[in-house]
Structures are given as C-alpha cells and as structure tokens.
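Contents: one structure, followed by commentary.
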Amino acid sequence: THFGFETVSEKEKGGKVYHVFESVAKKYDVMNDMMSLGIHRIWKDLLLWKMHPFPGTQLLDVAGGTGDIAFRFLNYVQAQHKRKQKRQLRAQQNVSWEEIAKKYQNEEDPLGGSRVVVCDINKEMLKIGKQKARAQGHKAGLAWVLGDAEELPFDDDKFDVYTIAFGIRNVTHIDQALQEAHRVLKPGGRFLCLEFSQVNNPLISRLYDLYSFQVIPVLGEVIAGDWKSYQYLVESIRQFPSQEEFKEMIEDAGFEKVTYESLTSGIVAIHSGFKL
Ligand code: SAM
C-alpha cells in the first residue's frame, strides 16, 4: 500500500487516513471548493440527479463526512414532497395557494418518510457535519453514525440506496466495503459511488497531472497548513482503479446491472449497481 511517498502496511493506512481527515476536517469544505474550483458541487448534484430518490427512500451515505450528499438528499426529497402535495391538493378542488402554504406549515413530516443516515469513521468530520446541519436548518430525517465502511453497524437488508462519495478510495479493503454495501441494501436497493477516476483525454490528463502534483499540495499548505494530507489526496487518486476495473469489483461483490458514467473527461465517475 502506498501512502504519500512512503510505503506503509494496511494497518498503518487506516490510521493515516484517520489522521488526514482529522487534520483537514475544519478546512475540508473550503478546500474542496478551492481545489475543484467549485465543480465538486456539480458532481454531487449529478449524483442526486442520478439517484432520483422515490418518496420514502431510506438512504445510507457512507464516508459521508461533513454531510454534502445527505443535505442534497434532504433538500431534494423535501422539494419532491412539496410538489407532490401541491399536485394532490390542486387536483382535489380549487384550493388557494394560501391554504396550501398553511397546510405545509402544519405538516408533520416534510420529507414524506424519506430518511438519511450519514456514517463516517471520523468523529471530527461528523462534528463539522452536525454544525453545518444546524446552520442549514436540517433537523429531522437525519442521523449521524460513527462507523467503518468495512464493518457497517447496521442490520442486513435495511436501506434502499447506499451512496459513497469520494470515500471508497480511502478504505483499506475496498472489496470488504463493497460486500458490506451489498449486505445492508434491501433486495432491489441501489449502490451509487462518486469517485475520482481515470482521465480519458490526453491533453486534459497532462493538465490535470500538473495541477494535481504542483498546485494541490501548495494549496493544502497555504490554506490548511497541511502539505502532507493533500499530497496523500493526490496519491490516493492516482492509485484508485480505472472505471472498468472498479466496475468489475462491484460485480464481484454481487451487484447486478452495473454501469458507470465518466464526468469531466473521467476526472470523476459515478458507478451504479443493484442488489437484485
Ligand atoms: N462524502 C463526503 C464528501 O463527498 O464531501 C466526504 C468525503 S472525504 C474525501 C472522505 C471521508 O471518508 C472522510 O470523512 C473519512 O473520514 C471517511 N472514511 C475514510 N475511511 C473510512 C472508512 N473505512 N469507513 C467510513 N468512512 C471512512
């Protein structure tokens, strides 16, 4: 296992990954915006668009960190539920918009039964996530659980959707994490992974290398005072399997109808699979 520019054992990798995220937690969101020039927001929106959760979806977001996927999910299902209610009310009779607005104020579950559990191995990342949830007004329908993707603290067949965004490359045994994803999903449930991948355009690839190796560690040092963690980030991206290789790993874990979509010339990819 290669970590940064040192060779480390599997056990050490877990510990180092923990310290990387413990150290970057406070600056994690601002660094994400700086390093990706804000594009990570679009990639995350696309993950939600691809998920297209149905009313009442039970989502598990693993390596959920500071909650970006969970908050997008809550906003999505809330808007979806509102639209549904409006359609139903308008269809019933000639109800005024004032009456509809009043009904929403009294509504008990604005999420229409949908729920999300954020699971992450790092309590510092979860702490920042909880602060963000309070600041953004997310109260209901959201739970934070400390746990390892390789040994999830949940029963079998529990969730409709499992997401992992920019998380799986940090896991020591990816095959183990994929098997756990399969175990906790209900039959018919969907696995969705957003992760850095292999760039498929030679020109973009050269620019991307230059940016990754020359700019990202410098940004890490200047903004977060942490060159090493950001050097790790770049190295871990380079070592992650290609789109096709990762697709095979997902299939090996028992998922079916596995597909992927490369975004931004393959800088990232979204993989999808079903437990059938
Ligand atoms: N999903 C969030 C996002 O997209 O902004 C956070 C991604 S962050 C790059 C990676 C996260 O993976 C960190 O919060 C880290 O603590 C978590 N992580 C690393 N190894 C893990 C493991 N074995 N189990 C659960 N979470 C893990």
Side-chain angles (χ1 to χ4, degrees), residues 1 3 8 10-36 38-48 50-51 59-73 116-133 136 142 144-154 161-181 183-184 191-197 216 220 224 226 229-237 239-240 263 267-271:
T1 310
F3 177 91
V8 296
E10 286 182 341
K11 208 171 162 196
E12 280 174 279
K13 177 178 173 176
K16 290 210 175 188
V17 166
Y18 189 89
H19 290 301
V20 164
F21 288 103
E22 191 178 36
S23 115
V24 303
K26 284 202 181 86
K27 299 270 176 162
Y28 178 76
D29 291 313
V30 68
M31 281 302 291
N32 263 354
D33 279 332
M34 295 285 298
M35 289 184 311
S36 73
I39 299 172
H40 76 107
R41 291 170 183 260
I42 299 171
W43 294 330
K44 288 171 179 167
D45 286 345
L46 285 170
L47 180 71
L48 250 295
K50 208 170 177 69
M51 182 193 309
L59 168 68
L60 173 63
D61 182 39
V62 174
T66 60
D68 272 8
I69 302 301
F71 302 149
R72 277 173 173 73
F73 172 78
V116 54
V117 176
V118 179
C119 175
D120 197 286
I121 205 164
N122 195 301
K123 61 178 185 329
E124 291 307 313
M125 293 291 279
L126 291 179
K127 200 165 111 187
I128 305 286
K130 286 179 201 170
Q131 287 167 5
K132 269 171 69 184
Q136 294 184 20
L142 174 64
W144 304 87
V145 174
L146 195 63
D148 187 344
E150 291 185 33
E151 217 180 327
L152 291 171
F154 307 107
V161 183
Y162 170 111
T163 48
I164 184 160
F166 304 115
I168 203 146
R169 74 174 188 284
N170 297 297
V171 168
T172 311
H173 303 101
I174 295 176
D175 50 349
Q176 179 66 32
L178 292 172
Q179 279 166 26
E180 279 291 89
R183 181 183 67 76
V184 300
F191 166 86
L192 281 167
C193 174
L194 171 63
E195 189 50 88
F196 289 105
S197 207
I216 288 185
D226 192 347
S229 294
Y230 288 91
Q231 194 180 52
Y232 160 73
L233 176 83
V234 174
E235 284 286 302
S236 66
I237 291 170
Q239 280 155 33
F240 195 70
L263 309 174
I267 291 178
V268 301
I270 297 177
H271 280 77

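Every number for a ligand or one of its atoms is a count from 1 in the order of the listing. Along the sequence shown, residues are numbered consecutively beginning with 1.
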| task | Scan side-chain atoms only and decide if Y232 and N170 contain a donor-acceptor pair under the 3.5 Å cut-off. | result | yes
Compute the shortest N/O to N/O distance between [X] and ligand 1 and return yes if it is under 3.5 Å, no if not.
{"X": "K44", "result": "yes"}
{"X": "A165", "result": "yes"}
{"X": "A63", "result": "yes"}

Would you mind running through ligand 1 and noting each atom that sits below 4.0 Å from a heavy atom of [X]?
{"X": "G147", "answer": "24 (N), 25 (C)"}
{"X": "G64", "answer": "1 (N), 2 (C)"}
{"X": "M125", "answer": "14 (O)"}

| What orientation do W43 and F166 show, parallel under 30°, tilted 30 to 60°, or perpendicular over 60°? | tilted
| task | Only counting residues at least two apart or in another chain, list the ones meeting side chain to side chain contact (heavy atoms under 4.5 Å, CB included) with R183. | result | L152, D156, E180
Around [atom], find the nearest protein heavy atom and jot down its residue, atom name and distance.
{"atom": "atom 24 (N) of ligand 1", "answer": "A149 N, 2.8 Å"}
{"atom": "atom 16 (O) of ligand 1", "answer": "D120 OD1, 2.7 Å"}
{"atom": "atom 10 (C) of ligand 1", "answer": "F166 O, 3.3 Å"}
{"atom": "atom 21 (C) of ligand 1", "answer": "I121 CG2, 3.6 Å"}
{"atom": "atom 23 (N) of ligand 1", "answer": "D148 OD1, 2.9 Å"}

| Just wondering, do M35 and L233 contact through their side chains at under 4.5 Å, heavy atoms? | yes
| task | Report the part of I164 in contact with ligand 1, treating N, CA, C, O as backbone and CB onward as side chain, heavy atoms under 4.0 Å; options are side chain, backbone, both, neither. | result | neither
| Which residue, D120, V117, L126, V116, forms the side chain to side chain contact (heavy atoms under 4.5 Å, CB included) with W144? | L126
| query | Are the side chain of N122 and the backbone N or O of Y18 linked by a donor-acceptor pair below 3.5 Å? | reply | yes
| Between the side chain of E195 and the main-chain N/O of G167, is any donor-acceptor distance below 3.5 Å? | yes
| request: Indicate yes or no: does K132 engage D29 in a salt bridge with an N to O separation below 4.0 Å. | output: yes
| said: So is Y28 touching ligand 1 or not, going by heavy atoms under 4.0 Å? | reply: yes
| query | Sequence neighbours excluded, which residues qualify as ring pair (Phe, Tyr, Trp, His ring centres under 6.0 Å) partners of F21? | reply | none
